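Notes for the one structure printed next.
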Amino acid sequence: MIEIKDLSYVYPNADEPVLKQISATFPRENVFAVLGQSGSGKTTLLNCIARFLHPTSGQIEIDGKDIASMDELEFRHTLGVVFQKLNLFPHLSVLRNLTLAPQKVFDTPLEDARKQAREMLDRLGIGDLADRYPAQISGGQAQRVAIARGLMLQPRYMLLDEPTSALDAQTTQDFANWLTELSNVTSFIIVTHDLPFAQMVATHGVYLTDGNIQATGEVTDILNQVQQPTS
Amino acid sequence: MRKYKFNVSMMWLLLCAGLFVAMTRPAYAQSPELQADNKPLRVALTGKFPPFNYYNQQGELAGFDVDVANAIGKHIGRKIQFVPTEWDGILAGLLGGKFDTIIGSMAITPVRARQVNFSKPYYHSGAQLFVHRDNPAQVYSIDECDGLKISAVLGETYQHYLDENHPNIDVVTLKSSVEIFELLQQQRVTGFVTDRLVGSWQIKQADRPFVPVGGMLYSEDIGIPVRMDDTALLKQINMALAKIKADGTMKRIHQKYFGLSTTADNAGKATMSDAVIARKLLKGFAVTIGIAVASLAIGFVLAIPCGVILNKPKGGMLILYWPVRTVVDFLRGTPVLIQLLFAWMGLGLSPFTAAIGTLGINAMAYMAEVIRSGLMSVDQGQVLAARALAMNHLQTFRFVVWPQAFRVAIPPLMNCVVALTKDTALVAVISVSEVIREAQAIISVTFEPTKYYFFVAVMFFVVTFPLMKLASMLERRIAQRGFNHD
Ligand SMILES: Nc1ncnc2c1ncn2[C@@H]1O[C@H](COP(=O)(O)OP(=O)(O)OP(=O)(O)O)[C@@H](O)[C@H]1O
Ligand SMILES: [Mg+2]
C-alpha cells in the first residue's frame, strides 16, 4: 500500500505548485492506474514517489514506512521505475542491461546474475534478444527489456510511466496481456493518459486534474465521472 | 563493442608505458665521469654554426668553438658539458642559469655587454656582404644596396647593424643560412651579410655561386659571456684564454679550421654519413614520440576530472568550475610556443619537463572540452535509470555515463592526439633534441633543407595518418551503430 499524505510539489523557479496537497492511497493491487490529462502532474507525482524529486511538503509511505527515511538499497528493492523513454543503456547488450545493477550494486556473482537475467528474458518472451543492443530491437521489445531490467531487483511495486506511448494497438494488447500475468508477483502502478488501456489492465485508480485528485475508485466509475473523451 | 573495449584498455596500457619511459629518461645526456666536487662547466652553443660549432660525421659536436671550449676546460680543470641551444634564446638561457657560459661565436656588442660580462676576445672577424655571382643588381658594396633585399640571420648582430646603419635596405631575416642560401639561389634577395669566415666556408661547403663584394662592413670581437655575478668564472676563462694564446694552442686550432696549409685536410670540412643522419633522425623522432606519448597520457588523465567539472557543476564542484574554466580557456587561447618559452625560461624548468608539462596541460585543456561535450551528450535519463537501479554516483559515472561519453569523445580525442603530436615540433625551440632540431643540425652541415625537412614531415605523417584514419573509422562506426533509441 502506498499512502500519499498532503503531498505538494513546487518546481524550483515556478510559483504555482504542480501537486496541491494531494492525499491518496494506492492499495497493493495487481495493477493500479494513475490517470489524468497531459500536464496534470502525473509524472511529477511518479518522480516524488520514486524519490527523484523531494516533496515541498507532505510525505509518502510505502507499506507503512516513510520513503524519506528508507535506505537507498532497501528503497530500490521495494520500488522499481520504468521511464516513459525507457532509458536503456545503449552501450550495453540487453543481457548486460539486466545484469549491471545486480552485479555492481548488489554483488551478485556475474554467473548467477546472467542466469537470472536469461530466465527473466525468457519469462517475458524475449530470450533471443539477450545479445542485441538497444538500438537493434523494436520499441515493444525495448519496453519489455526495460521492465525486465527493473524486475531484476525484485521490487514489490513497480511504476510505469506512459507504458503505451510508443506502442501500436496490437502491441498494446499484447502488453496488457503479459502485464496482467506479471502482476501476480509485482504490483504495477501505471501512469497513463491512455484510458482504454487503463481499463484493460487496472481495476482501481485515481484521476489527477491540475494537481488535484479529482476522482478515485474503480477505473470504470472514474471514466464515467470525468466523462473524458478518450484519445 | 566488446572488441572495442579491449582496444581502449590497450591504448591505456600503451599510454602508461610511454609515460613511464619518458619519465625515467634523463633530461640531458650527462658526461660519464663527473667529479662530485667539480661540476662540469655547462657551455651553450647552437651546433649549427659550422665551422665554429657543428655536428661532425660521427654526429658529435666539433668545430673551432668546441676545440676552444675544451682547451679552456683543460686549463681550468673542469669537464665541459655542451648544451645545444637555439640562438634566439641563448642569452636568456644564460641569464636564466640554464648553463654557465656560451662559447658559440658571440660578438661583443654594447647591448649584450650591458646584460653579461664578456671575456677578452678569442677571435676577430667581421661582417661581409655576399652576392650571387651573376650579380643582377650590379652591387659592389653595401652602400649600393639601398632599396634592395639583403638577408641576415634572425637575431644575429648583422641584422641590427643593417637596421641601424642602412635603414633603406630591406632586411629579410631568416632562421639560418640554409634558408638564406635557398633564397639567394632563387635570386629572391640581392645578397646577404654574415661573418666573412663563416660565409666563405658555408658557400664552399654548399657549393653555391656566391661571392664576397666590398670590404668588411665592420670588424667585431668574439668573446665568451658569463653572468654578471659570475666574476670567478670570468677570471678563470680570461686566464685560460691567455694561456691558450701563449702556448700556441689557439694558433693550432685556428690553423686547423682556417689555415691555408690545412685546406686539403678534412678537419674543417663537415660532412655526415648516412648512418649518422639516420641515427640522428631516428633518435630525434623517438624523443618526439616520447614527449607526445607522455604529454598525452598526462593530458588525458587530467582531462577527465576537468571535463566533469566543466560539464555540470553543482555542489562542491561549483567552487572548482571557474578556476578550471579559466585555466582551460587561457591555455586554449594562448600560443603553445609562448607557453613553452614561459615554462622553460620563466619557470626555469628543464627543457624536457617544460616540454612534457606544457604539452601535457595543453592536451588536458583541449581534451577536457572534448570530454565535457561527450558528457553533455549523455541523456539525463541515463542517470535517472541508473539511480532507479540503486547505483551510486560513482557507479553511475563509471558504468553508465562515462562509457557513453567516451565513445562519443573518441574521434575528437584522436584529433587532439594528432594535433598534439604535431605540436611537439615546437619544442625544438626550447632546445629539446627532438627530430626537428636534429634535422636542423644535419641541414647546417649538408645544406639540403628540402630533403631533410621532407623526411621529417614524412616521419610525422607516418604516425599521424593511421591515427586520422582510425578516428574517421571510429566516427563512422559510432554513427552506424547509433545508440540512442527513440
Ligand atoms: N522541470 C520542471 N520545471 C518546471 N515545471 C515543470 C517541470 N516539469 C514539469 N513541469 C510542469 O508541471 C506540470 C505537470 O507536469 P507533469 O510532467 O507532471 O505532467 P504529466 O501529467 O506527466 O503530463 P504528460 O501526460 O504530458 O506526461 C506541467 O505544467 C509542466 O509544465
Ligand atoms: Mg508525464
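Not measured: the values here are computed from a predicted model. All values below were derived from every heavy atom in this structure, side-chain atoms included, with hydrogens, water molecules and symmetry-related copies excluded. So you know, we letter chains A, B, ... as the sequences are listed, proteins then strands, and number each from 1.
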Take atom [atom1] in [X]; do more than 12 heavy atoms of anything else shown fall under 6.0 Å from it?
X	atom1	value
B/Phe330	CZ	no
B/Arg332	CZ	yes
A/Met1	CE	no
B/Trp322	CH2	no
A/Gln154	CD	no

* Asked: Non-hydrogen atoms of chain B under 4.5 Å away: do they reach the side chain of A/Phe52, the backbone, both or neither?
  -> both
* To do: Under 4.5 Å heavy-atom distance to chain B, tell me which part of A/Phe106 shows up: side chain, backbone, both or neither.
  => side chain
* Asked: Looking at residues at least two apart in the chain, or sitting in another chain, which of them share a salt bridge (Lys or Arg N to Asp or Glu O under 4.0 Å) with A/Arg51?
  -> A/Glu72
* **Pick from A/Leu153, A/Leu159, A/Leu79, A/Leu73 with the largest number of heavy-atom pairs that fall under 4.5 Å of chain B** => A/Leu153
* Qualifying salt bridge (charged side-chain N to carboxylate O under 4.0 Å, His left out) pairs, either residue in residues 171-181 of chain A, two or more places apart -> none
* Would you mind listing every salt bridge (charged side-chain N to carboxylate O under 4.0 Å, His left out) that reaches into residues 129-157 of chain A, with sequence neighbours excluded? => A/Asp63-A/Arg156
* Without swapping roles, check the side chain of B/Gln395 against the backbone of A/Ala101 for a donor-acceptor pair under 3.5 Å. => no
* Is the backbone of B/Arg407 close enough, under 3.5 Å, to the side chain of A/His91 for a donor and an acceptor to pair up by distance? -> no
* Asked: Can you find a pair of side-chain heavy atoms, one from A/Leu100 and one from B/Val400, that are under 4.5 Å apart?
  -> yes
* Looking only at heavy atoms, which of residues 384-392 of chain B get nearer than 4.5 Å to chain A? -> B/Leu384, B/Ala385, B/Ala386, B/Arg387, B/Ala388, B/Leu389, B/Ala390, B/Met391
